[in-house]
Amino acid sequence: MELLIFYPLAAFTVLLALGVVFNNSPIGSAVSLIAMMLGLSGIFIVLHAHFLAVLQIIIYAGAIMVLFMFVIMLLNLKGDDKAWKIRERNLYLSIMTGVMVLLALYKMIDKVLDTTFGEGADVPDTFGTTVAVGTSLFTEYVLPFEIASILLLAAMVGAVVLAKTKVD
Amino acid sequence: MEPITAPIIDFTSLAPVLVLSVFAMMVLLVDLFIGRNKSVLVFISLVGLLCAAVSAFAKGTEIPVSSFNGAYIVDRLSIFFTMIFCMSSALAILLAVEYNKREGIRVGEYYSLILFCTVGMIVLASATDLIMIFLGIEIVSICLYVLAGIRRTDPKSNEAALKYFLLGAFATGFLLYGMTLLYGTTGSVKLATIAQLLNSGEVLAQPLMLLGVVLLVIGFGFKVAAVPFHMWAPDVYQGAPTPVTAFMAVGPKAAAFAAFYRLFAEGIPELAPTWQMTLSIVAVFSMFFGNLGAIMQTNIKRLLAFSSVSHVGYILIAVIAKDTLGSASLMFYMLSYAFMIFGIFGIIIILGRKGHENLELEHYSGLGFKHPLLALCMTMFMLSLGGMPPLAGFVAKFYIFQAALNEGFLWLVIIAVLNSAISFYYYLKVIVFMYMKEPIGEFKISLTPITLFVVAVGIIGTLELGIFPGPIIFLAQY
Amino acid sequence: MVNLAFLVPLFPLIGSIINGFFGLRIGKDWVGKIACGGPILSFLVVVLLTVSLFFHPEGTPYPELILFNWIPAGSLQIEFGFQIDPLSCVMMMVVTGVGSIIHIFSIGYMYEEYSYYRYFAYLNLFLFSMLLLVMGNNFLVMFIGWEGVGACSYFLIGYYFNKKSACDAATKAFVVNRIGDFGFLIGIFYVFQAFGTIDFSTVMAAAPTTLIYDSTTATLLTMFLFLGATGKSAQIPLYTWLPDAMEGPTPVSALIHAATMVTAGVYMIVRCNALFNLAPLTMTIIALIGGGTALMAATIGCTQWDIKRVLAYSTVSQIGYMFLACGVGAYTAAIFHLVTHAFFKACLFLGSGSVIHGMHHEQDIRKMGGLKDHMPITYLTFLISTIAIAGIFPFSGFFSKDEILYHALMDGNVIYWGMGISGALITAFYMFRLVFLTFHGESRVDPHVHPHESPAVMTMPLIILAGLALGGGLLGIPIIHGWHVLGNWLEPVVAFDWTTALHHSETVLASHGHHESFAELLHSKQVHEHSWWDISWELLLMAFSVCVAGVGIFMAYLFYIKFPDMPGKLTKGQWGFDMVQNKYYVDEIYDETIVKPTVDASYRLWKDADQKGVDGAVNGVAKIIGFMSKIAQNFQSGFVRNYAMFMVIGFVILLIVI
Amino acid sequence: MVPLSHYLILSATLFSIGVLGVLIRRNAIVVFMCVEIMLNAVNISLIAFDRHLNQHDGQIFSFMVMAVAAAEVSVGLAIIIALFRNRPTVNLDEFNLMKW
């Protein structure tokens with residue numbers, strides 16, 4: 001049953017990821033990416049990670065991608081990016097790129113298949129719920145949680161410094 | 001639903017992080033109420049760094065202390081590195097005072113970003129948990145992206161920030177993937193647990209874990225700028241404002257090395273044959289390509305960038321050596337490297353003027369006759385970088401090589417010594433320019449007291465660590 | 001008394017600091033006084049130390065002065081300390097004694113030069129480093145000095161910085177030296193790995209029971225150390241920097257390239273004799289390289305026209321002799337020659353400095369001649385030193401060189417001796433060629449130049465050094481037993497316990513299943529010790545080598561006094577009819593069979609092997625590295641995509657490797 | 001139930017696609033999006049491992065990854081905006097002031 005949901009979802013995300021890479025217009029890429037995020041959140045649900053699935057939509061698709069869209073609009077980028085197209089001059093480079101990525105992928109999958117994993121544990125109903133993740137977050141992982149706040153603050157300061165209009 | 005039991009928070013261990021965060025926010029707030037003169041921010045930042053250093057040092061009597069369920073540790077490594085971070089951040093701030101004034105970078109956030117970055121570095125050096133290491137690296141990186149691009153109107157600075165950012169995010173992907181695989185194959189994010197599990201031999205043969213190790217090498221290799229993940233370094237070093245470059249070459253690199261060491265030597269020592277070999281390859285390439293790259297450079301910042309790549313090669317040997325001596329030599333090397341680099345960048349800043357940074361080697365022609373003392377300092381730093389006894393660089397290298405010999409890596413030592421012989425070729429080039437060429441123009445240098453102070457600190461440190469390294473070595477091995 | 005040892009390097013260091021920082025303010029006179037004061041005071045302290053060693057109880061370890069614990073790293077505690085033993089005392093005497101004389105000479109020679117104070121600051125710093133090198137009680141302190149002299153010589157050679165050739169020479173000297181230093185440093189690490197310490201006295205005491213005779217470790221370790229020695233001491237294949245280094249001021253050449261730095265390699269080998277004794281293969285290589293260098297540099301010396309270059313090649317050649325001596329295990333002979341060489345070669349260099357000074361910076365001997373009337377003192381001292389280097393009884397060079405030749409034959413074989421004796425012949429020839437061309441014959445001096453004798457501050461050092469060159473042989477009179485002062489003095493340092501060493505090697509090898517017997521070897525070593533001086537052989541060899549030197553001098557006389565145009569014709573290959581008619585028929589055969597090929601060959605050697613081959617190899621390496629650097633540079637394209645690409649390539653490579 | 005290896009392969013595939021995108025695209029923003037694909041790919045692995053091991057550590061990790069991604073995006077886009085003000089382009093091949 002899960003497999004039946006998993007395969008279409010996996011195909012969907014892979015296709016959309018390819019769509020991000022091979023789309024001429026930045027907007028198109030961004031939209032593909034949003035859709036891919038949604039697909040991923042579906043996969044998370046298959047994995048019983050409900051809390052993360054929701055976060056995936058809220059943070060990634062909701063916040064991050066909106067920021068992307070916003071900047072693309074702000075900069076008024078046109079779909080003039082033909083960069084990925086193979087050009088005569090860069091033929092060897094393009095071939096090498098392809099070969100390298102495929103090699104890397106092959107090696108990674110090879111390692112996955114070489115590895116024997118035991119039987120997966122049976123998960124309780126509470127797995128992946130907000131309560132379970134939240135409890136863990138506020139007890140065992142309270143320090144990373146707090147440190148992440150410093151990270152966000154620093155990022156905020158940084159973004160303001162770089163993007164504010166007044167040139168000193 | 002059960003109520004959550006409040007976690008126990010070890011505030012004394014966290015003190016440096018807390019103190020610095022508070023001071024960083026204070027800098028942000030105060031900046032709102034002052035005008036264009038930012039000296040009060042400098043003062044606050046320095047006080048903050050001092051407090052952080054003191055609070056870390058005060059903890060030194062009862063180490064090692066592990067807290068937060070094994071996510072955070074205060075030990076020899078973390079305290080020593082915290083000292084290096086506080087010192088290098090303070091020096092970076094001091095270097096920036098006059099430089100920023102001269103180049104018109106009136107951004108108060110500069111100081112708070114350096115403090116935030118220091119927080120990240122301390123976290124990185126103290127983290128014993130993959131999540132914490134990841135967060136630490138990200139805090140440091142994000143601050144650096146911004147710092148590299150803080151001269152917003154300078155295209156070079158922009159470009160440096162963009163290159164660093166894109167490649168950094170790319171490398172983060174690899175790092176994260178590596179951590180994930182490590183977590184997945186061992187079932188824990190805590191280094192101590194991972195080490196235990198590996199020790200019991202349950203998960204050793206997992207090919208996926210080796211893939212994870214390689215990915216981690218890439219992620220860390222990028223952060224420390226090791227070949228072939230170093231290519232951002234020359235461009236970013238060149239484009240970033242000089243004090244930031246100095247900072248970048250020392251503090252964050254030291255932090256990355258601290259985490260590098262902790263993750264590999266303390267987390268997965270059982271996998272040593274694999275990662276030692278992988279790192280040996282990276283180290284040899286780093287030394288060699290760093291030196292090769294540096295030989296042809298005419299821009300002093302790029303030259304130093306490549307030279308730092310080759311130094312990364314030497315330092316990686318300390319990680320490879322993995323025992324106590326290895327970590328001690330790592331700390332000692334980073335400390336002496338900090339002194340040298342800040343000294344050199346101090347001189348570089350002194351030689352520049354508004355609008356003319358004078359970064360080409362030919363601008364150094366004849367410095368030996370016009371400003372003999374500055375040239376003498378520069379010569380000392382260069383010789384020290386090359387490993388001339390009895391300067392800090394030599395003792396540091398010697399110490400690392402000794403650690404490697406203890407682990408039986410004679411061949412690595414031979415390659416490293418050969419490379420340090422090659423490296424003299426370009427360090428000498430700087431000296432040749434200073435002493436054996438006619439000046440190309442009049443020297444109009446900005447000899448400012450605070451920058452000079454940094455140079456003095458550098459030279460004193462270089463000499464001290466070279467001639468009387470005993471006490472520091474004792475602290476490092478403590 | 002040993003506690004005073006720290007003063008020895010301290011005085012020059014203080015001199016250097018004062019001159020370096022305040023030299024401009026205190027005026028030239030004071031600069032000179034301070035600069036000379038340091039070495040002279042050091043010399044006095046060294047004399048005290050040496051005297052105190054006479055009262056050293058036999059059989060106890062020699063005193064060491066530990067200043068502080070330098071690098072306390074793990075199991076290894078490296079102290080910063082000085083070793084006061086007979087060997088280091090001899091070297092300290094030479095360094096401070098000859099050094100002081102050269103400093104005094106410099107006052108006169110450099111008086112007109114720009115930034116006088118800088119020169120003396122470097123010179124004093126050099127002396128400081130050299131003293132560290134000599135006095136260090138472990139390899140690492142020696143290495144500080146080793147690198148220090150390299151750096152100081154760099155600044156001194158490049159002293160005339162506005163001359164491009166001087167800068168190139170300085171850089172070359174430094175870079176070539178670095179290759180040697182690389183070997184030395186690896187050697188140090190090897191010693192550390194084998195012994196667990198790098199303290200001289202401990203390592204040397206432990207050597208017989210740690211290293212196995214003729215084992216790979218012993219051979220490799222000593223080969224690395226020897227590589228270091230070839231760099232510093234300008235031996236094949238790393239000698240090319242020394243002739244170029246003549247771009248520096250002449251007193252610098254005297255100090256660095258005659259008396260002190262270039263002998264560091266010899267000193268190091270003698271200091272580590274216990275290690276080298278256990279590596280017969282390395283010893284053979286050392287002897288061959290030493291002999292080969294002695295011969296080759298001597299032949300090149302025949303073709304040079306620059307007064308200092310002749311002396312430079314002569315230095316390379318003489319140091320070759322010292323290595324030859326080391327290679328056959330005659331360490332005392334090596335040190336003996338080192339000492340006498342310091343005397344006569346310093347005198348020769350300073351003499352050439354005096355000539356150059358008198359000739360207003362003319363260095364080409366073709367533009368000299370007949371100078372003996374203009375500068376009698378310089379001539380006389382130069383002549384004495386030349387006789388000494390040629391090896392004529394009873395000058396100092398005679399004794400030391402003969403001791404080396406004797407040992408080359410007795411402890412080595414005929415080939416070593418043949419190299420040595422032919423080198424001696426050529427040495428006598430080219431040194432007298434130099435004297436004749438410079439001081440004798442008709443004057444070829446530029447009419448605008450008026451040669452004059454140098455002031456007393458320059459001639460006095462010459463006279464002292466000439467006296468030493470004359471009488472230095474007294475240190476080692478071999479015929480009368482017990483009169484080899486230097487031999488007796490150094491005996492405790494070079495003594496080696498063959499019995500223990502070989503027995504230990506046998507035991508260890510046996511425990512590994514290799515049953516090898518060193519009994520025969522041990523017997524030969526023991527027999528050898530008892531027949532140390534075979535007087536009849538010694539006398540025969542002495543007589544022979546004096547004859548050889550005489551022949552060399554006579555040939556030089558024929559060529560450059562009697563028939564001054566002959567060499568020109570010879571080298572041009574114009575075999576004129578009038579020459580056949582010449583009465584000296586024997587000489588012609590001689591010329592045709594030996595001299596002409598030699599001169600031709602040596603010229604070719606210089607042109608091809610030296611300038612293109614060895615020099616080319618050194619430059620070639622630099623070029624290759626430069627070329628590779630260019631390629632490496634091309635990777636740095638500035639495009640983010642390419643950088644990311646290299647990261648992925650690295651990833652894939654690492655994946656394939658594991 | 002879906003075997004763990006399926007998730008891992010999906011994750012590796014998405015990761016490679018992200019890498020490919022970084023290597024071939026020239027638009028800085030799109031390159032950045034490809035980096036986001038890489039991070040998301042890793043999240044799949046994290047959660048799949050979690051599910052396999054019945055733990056929550058990986059989900060916390062991936063929570064942190066999201067936080068980091070958000071922070072990176074804000075800074076990264078700010079850099080791009082600052083850059084755009086000086087030179088109105090986001091084509092990476094035009095940012096080539098510093099090389100060799």
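Values reported hereafter were calculated over all heavy atoms of this structure, with side chains retained and with hydrogens, waters and symmetry mates removed. Throughout, a chain's letter reflects where its sequence line sits, starting with A, and its residues are numbered from 1. Computed from a predicted model, the values in this text were never measured in an experiment.
Only the side chain of N406(B) comes within contact range of chain C, with heavy atoms under 4.5 Å apart. For M388(B), the part lying under 4.5 angstrom from a heavy atom of chain C is the side chain only. Only the side chain of F174(B) comes within less than 4.5 Å of a heavy atom of chain C; its backbone N, CA, C and O stay farther away. For I473(B), the part lying near chain C is the side chain, with the backbone staying farther off; criterion is any non-hydrogen pair under 4.5 Å. In this structure, chain C has heavy atoms under 4.5 Å from both the backbone and the side chain of I431(B). If you measure heavy-atom distances from I653(C) to chain B, you find no contacts under 4.5 Å at all. Residue V282(B) touches chain C through its side chain alone, counting heavy-atom pairs closer than 4.5 Å. Both the backbone and the side chain of Y435(B) come within less than 4.5 Å of a heavy atom in chain C. Heavy-atom distances place the side chain of F174(C), and not its backbone, under 4.5 Å from chain B. Interface residue A171(B): backbone and side-chain heavy atoms are both found under 4.5 Å from chain C. With a 4.5 Å cut-off on non-hydrogen atoms, F192(C) touches chain B through its side chain but not through its backbone. Proximity to chain B involves both the backbone and the side chain of F143(C), based on heavy atoms less than 4.5 angstrom apart. Heavy atoms of A170(C) lying under 4.5 Å from chain B belong exclusively to its side chain. When heavy atoms are compared at a cutoff of 4.5 Å, F332(B) does not approach chain C at all. Contact annotation for Y426(B): neither backbone nor side-chain heavy atoms come within less than 4.5 Å of a heavy atom of chain C. When heavy atoms are compared at a cutoff of 4.5 Å, Y160(C) does not approach chain B at all. Heavy-atom distances place the side chain of F424(B), and not its backbone, under 4.5 Å from chain C. Looking at F398(B), the atoms closer than 4.5 Å to chain C (heavy atoms on both sides) sit in the backbone and in the side chain alike. The parts of L405(B) that come within reach of chain C are both its backbone and its side chain, each placing non-hydrogen atoms under 4.5 angstrom from that chain. Neither the backbone nor the side chain of L162(B) comes within less than 4.5 Å of any heavy atom of chain C. Looking at I649(C), there are no atoms closer than 4.5 Å to chain B (heavy atoms on both sides), in backbone or side chain.
Among F155(C), Y190(C), F224(C), the residue making the largest number of heavy-atom pairs under 4.5 Å with chain B is F155(C). Of all the listed residues (F182(C), F80(C), F68(C)), the one sharing the greatest number of non-hydrogen pairs under 4.5 Å with chain B is F182(C).
Of the possible donor and acceptor atoms, one in the side chain of W241(C) sits under 3.5 Å from a partner among the backbone N and O of G231(C). Of the possible polar contacts, none joining the W146(C) side chain to the L132(C) backbone as a donor-acceptor pair under 3.5 Å is found. The main-chain N or O of Q238(B) is never found under 3.5 Å from a side-chain atom of K156(B) such that the two would form a donor-acceptor pair. Side-chain atoms of N642(C) never come within 3.5 Å of backbone atoms of M645(C) as a donor-acceptor pair (strictly under, hydrogens ignored). Not one N or O on the side chain of S129(C) forms a donor-acceptor pair closer than 3.5 Å with the backbone of G145(C).
With respect to R178(C) and E147(C), a salt bridge is recorded, a charged nitrogen being found less than 4.0 Å from a carboxylate O. For D168(C) and K172(C), the salt-bridge test fails: no basic side-chain N is under 4.0 Å from an acidic carboxylate O.
Centroid-to-centroid, the aromatic rings of F170(B) and Y643(C) stay 6.0 Å apart or farther. You'll find the ring centres of Y122(C) and F126(C) outside the 6.0 Å limit. Centroid-to-centroid, the aromatic rings of F200(C) and F139(C) come within less than 6.0 Å.
Residues N177(C) and Y154(C) have side chains that never bring a donor and an acceptor to within less than 3.5 angstrom of each other.
Using a 30° and 60° split on the angle between ring planes, Y145(B) and Y164(B) fall in the perpendicular class, above 60°.
Counting heavy atoms from C-beta outward, M380(B) and L463(B) have side chains that approach closer than 4.5 Å.
Between the NZ atom of K397(B) and the CG atom of L185(C) there is a distance of 10.0 Å, given to the nearest 0.5 Å.
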